There are 4 protein chains.
Amino acid sequence: MTYMHNDSTITGGRRPPGRPKDMAHLHRRREDILECATKLFASRGFRNTDLKSVADQLGVAKGTIYNYFDTKNDLFFACLAYGMQRMRASIDQETADATSTFQLLERGMHAYFAFFDANPDLVELLVQERAEFKTRETSTYFQHVEQRKARWVDLYETLRRDGIFRDIPGEKIFEFVNHQVYGALFANYFSGRKQSLQELTAPILDIFYRGVLSEKEQIQGT
Amino acid sequence: MTYMHNDSTITGGRRPPGRPKDMAHLHRRREDILECATKLFASRGFRNTDLKSVADQLGVAKGTIYNYFDTKNDLFFACLAYGMQRMRASIDQETADATSTFQLLERGMHAYFAFFDANPDLVELLVQERAEFKTRETSTYFQHVEQRKARWVDLYETLRRDGIFRDIPGEKIFEFVNHQVYGALFANYFSGRKQSLQELTAPILDIFYRGVLSEKEQIQGT
Amino acid sequence: MTYMHNDSTITGGRRPPGRPKDMAHLHRRREDILECATKLFASRGFRNTDLKSVADQLGVAKGTIYNYFDTKNDLFFACLAYGMQRMRASIDQETADATSTFQLLERGMHAYFAFFDANPDLVELLVQERAEFKTRETSTYFQHVEQRKARWVDLYETLRRDGIFRDIPGEKIFEFVNHQVYGALFANYFSGRKQSLQELTAPILDIFYRGVLSEKEQIQGT
Amino acid sequence: MTYMHNDSTITGGRRPPGRPKDMAHLHRRREDILECATKLFASRGFRNTDLKSVADQLGVAKGTIYNYFDTKNDLFFACLAYGMQRMRASIDQETADATSTFQLLERGMHAYFAFFDANPDLVELLVQERAEFKTRETSTYFQHVEQRKARWVDLYETLRRDGIFRDIPGEKIFEFVNHQVYGALFANYFSGRKQSLQELTAPILDIFYRGVLSEKEQIQGT
DNA sequence: AATGAATGAGTCTTCATTCAT
DNA sequence: AATGAATGAAGACTCATTCAT
């Protein structure tokens, strides 16, 4: 039974009773929580981060966090989604106005590395996700990869048809690039030294395009 | 009390009082625990695995585990070390009698992939390590990589001096291969589909050696 | 701040400054809250009902409830009082114009059962009260019983003096009836089957008046 | 994989390894917990009793309780079952060697009241059960009642056939007695005064057998 | 060496209540 | 008067570790 004696004729039906919601405030706070939690999840690990410490860090009560996220797990996945969304936005923006195929490839890889140079916490979150939530079908990250896959495979196939790429299936090439990029990302993360990823773009593309064998060897190898 | 190498040389080889220790039994049980714990840590995650379940799985009491390993952390790191040791042994054996540089490279990569095809649990352990023990300087895996690094870099430098590889620093090449291999490993793990890694060896080496650009393009690109 | 009788006599009947309070509205809303809370307390239990759900059900904010009742406990006791008051009114009305002693007894019992047939929630509230507020001296319900006791005992004593009832203390008879009625009420509640209580009046009074022994046995028993 | 190197041939397969279980101790402790928890649940209510206080009362750690009962709910239901089992045992014993129908009725009622005089906590538990666990089909107590019902109805029917009871369905009589007894129990509980229930047996049976009307009235009433 | 009962610190989560607007 | 975000105390439950037998 809903309360019905709300005499809306008085206000002409325009304004609801009570204090109006401050949407901006809610949105801002939600993001504050996401950013703070991301930082802590990343630096201490999901299981070693208790919500009390997130709240303390924010100068907020524990209960407040629960006003924005139902459970600790939910908060974690929201951090993940928030990070992934920013990643997508960042890469899309960087690659939007590429004028050539090669430029697209270079910008894509560069944008990817640049984003993670600036947001290493997201790598940590991806690792945490896999470590703690084993039951999940696919990781958030790979859902993203799958979504973008077709686009890249098409690109590679075009280059192959045009005789620019050798006769290698686009899918294989995609896999190769994907592994390279992914490996660089995680190797950097796992090795503990936080070097710049962006700088890898050029050397990676060099080998990717031309291989390591000298000209002489390539001819012999044929 | 952790199980350690019971240095019988201390007693000068004379038989100590009491029932003689059944070293084989102790050693065997230690490995049983390691194998069982590895499986559970890998499938459920470190934090989601309680020692009670390890003990139950072994048909042993919880206290028994503590006779072999001081803490849960110790057990985890012992699992990791046990896995890494087996990985090293496996790869070393496969690459021992390579007769050419190219064969060494191929066998090395193949041995690596073959090992993880057969022991996917170790990948999980490496991820768990990074997820839970953030304070550790370097991950167990990268300690291994660093140890072997010089050897490979030397190899690449030789090939470069001999004019077989292009004029790319051995270190860069090492990094490239390392990322590729590492990326393949974790991509496979994170994506959830358990495909064969071994099959990747050939296509990876193909691109690694010759790049993706067609002959025509390579010449133009010069 | 709890809603209370706004004693307008204090201001001498002169109109207070500001917008005049819409007493009817306040009163009506107060009853809405009581009715909604009663339903939820009854169906979920006091401790399993949070004020948020009461507010939601009413389509009102949580804070609004606190404008009418100081605490959750207060709200509960108000529900109880509201229910008891309605019970008393209902029974008093039904028994007001009884013309004979027997009719009074029958109508009393019938009115009692009829009320709880129509308002099973109140039984739940009485149980909740006892379950949660152990410190309270007597239960709300038994305060009521005690208030009415003298009246019934007097009645029974009269019947006894008049030789209509056997030589049993009025208090004993009262207790017997009370237990019977009370037992019927709670047995029905506890057993889970919601049968009609009203139908019990006739069979109960039959045994109450004449006992179960056959005429023959009664004589022998003497 | 279960641990299999347990060389049972050494011990001839007779004794399991490790400290043998002290069954008596476990059983005793379980009952200690049940008794202590029953007391606290009864005096403070289920929701107002935290397991820490049960543990403290027992001079035991909180975790210990969880070694014996999986959840707080489980502990509660175990208390309930424990109490009901003792009730059944007590009543069965008292009524076992009754030589006549009347004796059986009297002893049954007396045993019932005597048990609850000695174990008032069980009444509280029954109320708590109904208050907190609304979803449960039937209350533990009424499951018991239903089990015993047939026996009593048969008895009453026999007395009716033999002309000892009036022509009232056994079921009705059972219901009447049940309500009386149940009402006495809960009225006593709810009213707060802890009077003796046993003393009620005689007056209840008196009215139950012969009714309240005087001989004269009974004849007229016919 | 093996056992498993006991321990208790650590955390997530709930929800009555407050109060600025 | 109404609103609902913020608060923080309270409590159920987990599990690594200890230790007497």
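Chain letters run A, B, ... following the sequence lines, proteins first, then strands; residues in each count from 1. Every heavy atom of this structure was used, including side-chain atoms; hydrogens, water molecules and symmetry mates were not. Just so it is clear, the model here is predicted, and its values are computed rather than measured.
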Classify the nucleic acid contact of A:Phe69 as base, sugar-phosphate or nothing, counting any heavy atom under 4.0 Å across all strands shown.
-> nothing
Side-chain N or O of A:Tyr68 less than 4.0 angstrom from OP1 or OP2 on F:dA6?
-> yes
Write down the distance between NE2 (A:His25) and C1' (F:dG4), rounded to a whole number of angstrom.
-> 11 Å
Distance-only donor-acceptor check, side chains D:Ser53 and D:Arg44, under 3.5 Å | yes
Answer with base, sugar-phosphate or nothing: what part of the nucleic acid does D:Asn67 contact at a heavy-atom distance below 4.0 Å?
-> base
Base, sugar-phosphate, or nothing: which does D:Lys72 touch, judged by heavy atoms less than 4.0 Å apart?
-> sugar-phosphate
Protein-nucleotide distance (B:Leu58, atom CG; E:dG4, atom C1'), rounded to Å | 16 Å
5'-most contact on DNA chain F: B:Gly63 or A:Gly59, nearest heavy atom basis?
-> A:Gly59
In terms of side-chain heavy atoms of D:Thr64, which of E:dA16, E:dA5, E:dT7 is nearest?
-> E:dT7
Between C:Phe46 and C:Lys72, is there a cation-pi geometry (under 6.0 Å to ring centre, at most 45° from the normal)?
-> yes
A:Asp32 CG - F:dA5 C1' separation (whole Å) | 15 Å
Between P of E:dT14 and CG of D:Asp50, the distance in whole Å = 18 Å
Establish whether the base of F:dT7 is bridged to the side chain of A:Lys62 by a donor-acceptor pair shorter than 3.5 Å.
-> no
Please tell me which of C:Asn48 and A:Arg47 maps to the more 5' nucleotide of DNA chain E, matching each residue to the nucleotide holding its nearest heavy atom.
-> A:Arg47
Determine, for B:Glu132 against A:Arg47, whether the closest basic-nitrogen to carboxylate-oxygen distance falls under 4.0 angstrom.
-> no
Provide, to the nearest angstrom, the distance between the CG atom belonging to B:Asp74 and the C1' atom belonging to F:dA16.
-> 12 Å
Give one of base, sugar-phosphate or nothing for C:Thr49, where a contact means two heavy atoms less than 4.0 Å apart.
-> sugar-phosphate
Determine which nucleotide pairs with F:dG8, using a 3.5 Å limit on both distances of a Watson-Crick or G-U wobble pair.
-> E:dC15
In whole angstrom, what separates D:Arg29's CZ from E:dT7's C1'?
-> 11 Å
Within this structure, what is the CZ-to-P distance between D:Phe46 and F:dG11, rounded to whole angstrom?
-> 13 Å
Between C:Phe76 and C:Phe69, does the ring centre distance come in under 6.0 Å?
-> no
Heavy-atom side-chain proximity of B:Asp121 to B:Phe41 below 4.5 angstrom = no
Searching all strands shown, indicate the nucleotide that pairs with F:dA1 (Watson-Crick or G-U wobble; both distances under 3.5 Å).
-> none
First of D:Leu51 and A:Ile65 reached from the 5' end of DNA chain F, by closest nucleotide | A:Ile65
Could you state the atom-to-atom distance from CZ of A:Arg28 to C1' of F:dA5 in whole Å?
-> 17 Å
